[in-house]
Amino acid sequence: MFRISALLLTAALALGACAAPTAAPVRLGADGRPAQVVYRINPADAPRVRQRMQDGMNTMRAQNGLPPLQANAALASAAATHAQDMSFQSRPWHWGSDGSSPMLRSQRAGYQGTFIGELISETFENEFETVNAWMVEPETRQVILDRRASEIGVGWHQDPNGKLWWTVVLGEGAQPMFMAGR
């Protein structure tokens, strides 16, 4: 009886192992740690990536009772230019290689509103992971949740090795001017 029970248990375990999904083996790098998975952005994916970044930020804002951000082409231009410049400089920071500030770059790109803030990242992470990382840090979280922000520009540059240089610029749209006494 013990032998039949042991055979049935072995058969059940074998069948269970066959039915269980197998995880893909983790690729290890030369240092023995898990190898970095490269997230590639193809040119055809650019509009969707921008929209997902904006949607991610708007989700965070909605969870905090704030209105959504609207895309702004001038801010997107300033963001894309700075992302490429950070790659050129090989460092994530807010100053351009020409000494320009985020505010000046927004003005140069033709932004008519008020500059609110700039978020930057040097990473292999996708747009969702990047927004989540920014929400963890108090300084970047404060920019995302700034009540004055109403417009967003998303930009990135991807190096041949897959590294992404993200830049997001937030602004407060210019208020329309009304003529009194007409």
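Keep in mind that the numbers below use all heavy atoms, side chains included, and drop hydrogens, waters and symmetry copies.
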Side-chain contact test, heavy atoms from C-beta onward, threshold under 4.5 Å: evaluate it for [X] versus [Y] and give yes or no.
X	Y	result
Met135	Ile144	yes
Ile152	Gln70	no
Met57	Val168	yes
Pro102	Arg105	yes

Would you compute the distance between atom [atom1] of [X] and atom [atom2] of [Y] and round it to the nearest 0.5 angstrom?
X	Y	atom1	atom2	answer
Glu151	Ile116	CD	CD1	10.0 Å
Leu66	Ser150	CG	OG	12.0 Å
Leu164	Glu125	CG	CD	9.5 Å
Thr114	Glu172	OG1	CD	5.0 Å
Ser90	Asp159	OG	CG	7.5 Å

Taking all atoms of both residues into account, what is the closest heavy-atom pair of [X] and [Y], and its distance?
X	Y	value
Ser101	Trp95	CB-CZ3, 3.2 Å
Asn161	Arg40	C-NH2, 3.9 Å
Gly153	Ala79	O-CB, 3.7 Å
Arg48	Asp45	NH2-OD1, 2.7 Å
Gly110	Ala74	C-CB, 3.9 Å

Give every residue pair that meets the side-chain hydrogen bond (donor to acceptor under 3.5 Å, both in side chains) criterion with at least one member in residues 132-146, sequence neighbours excluded. Asp146-Arg148
To which residues is Ile120 joined in a hydrophobic cluster, defined by side-chain heavy-atom contacts under 4.5 Å among Ile, Leu, Val, Met, Phe, Trp and Tyr, whether direct or through other members? Met86, Trp165
Through direct or indirect side-chain contacts below 4.5 angstrom among Ile, Leu, Val, Met, Phe, Trp and Tyr, which residues connect to Leu75? Met103, Tyr111, Phe115, Val169
Test side-chain contact (heavy atoms from CB on, under 4.5 Å) applied to Thr123 and Lys163, step by step: CA-CA 6 Å; Thr123 185; Lys163 182 187 292 182; over 6 Å; no
Side-chain donor or acceptor of [X] paired with backbone N/O of [Y] under 3.5 Å:
X	Y	answer
Arg61	Pro68	no
His82	Trp93	yes
Asn58	Leu69	yes

Quick test of your reading of the model: are Asp55 and Arg52 salt-bridged, counting only N-O distances below 4.0 Å? no
Inspect the contact between Glu122 and Arg91 and indicate whether a charged nitrogen and a carboxylate oxygen are less than 4.0 angstrom apart. no
More than 12 non-hydrogen atoms from neighbouring residues, nucleotides or ligands closer than 6.0 Å to CD on Gln112, yes or no? no
Taking Ser100 as the fixed residue, which of His94, Arg108, Gln107 is the one that meets the side chain to side chain contact (heavy atoms under 4.5 Å, CB included) rule? Arg108
Output all residues satisfying side-chain hydrogen bond (donor to acceptor under 3.5 Å, both in side chains) with Gln54, sequence neighbours left out; order by chain, then residue number. none
I'd like to check the side chain to side chain contact (heavy atoms under 4.5 Å, CB included) partners of Arg50; sequence neighbours left out, ordered by chain and number. Ala46, Val154, Trp156
Under the side chain to side chain contact (heavy atoms under 4.5 Å, CB included) test, which residues partner Asn126, sequence neighbours left out? Tyr39, Phe128, Glu129
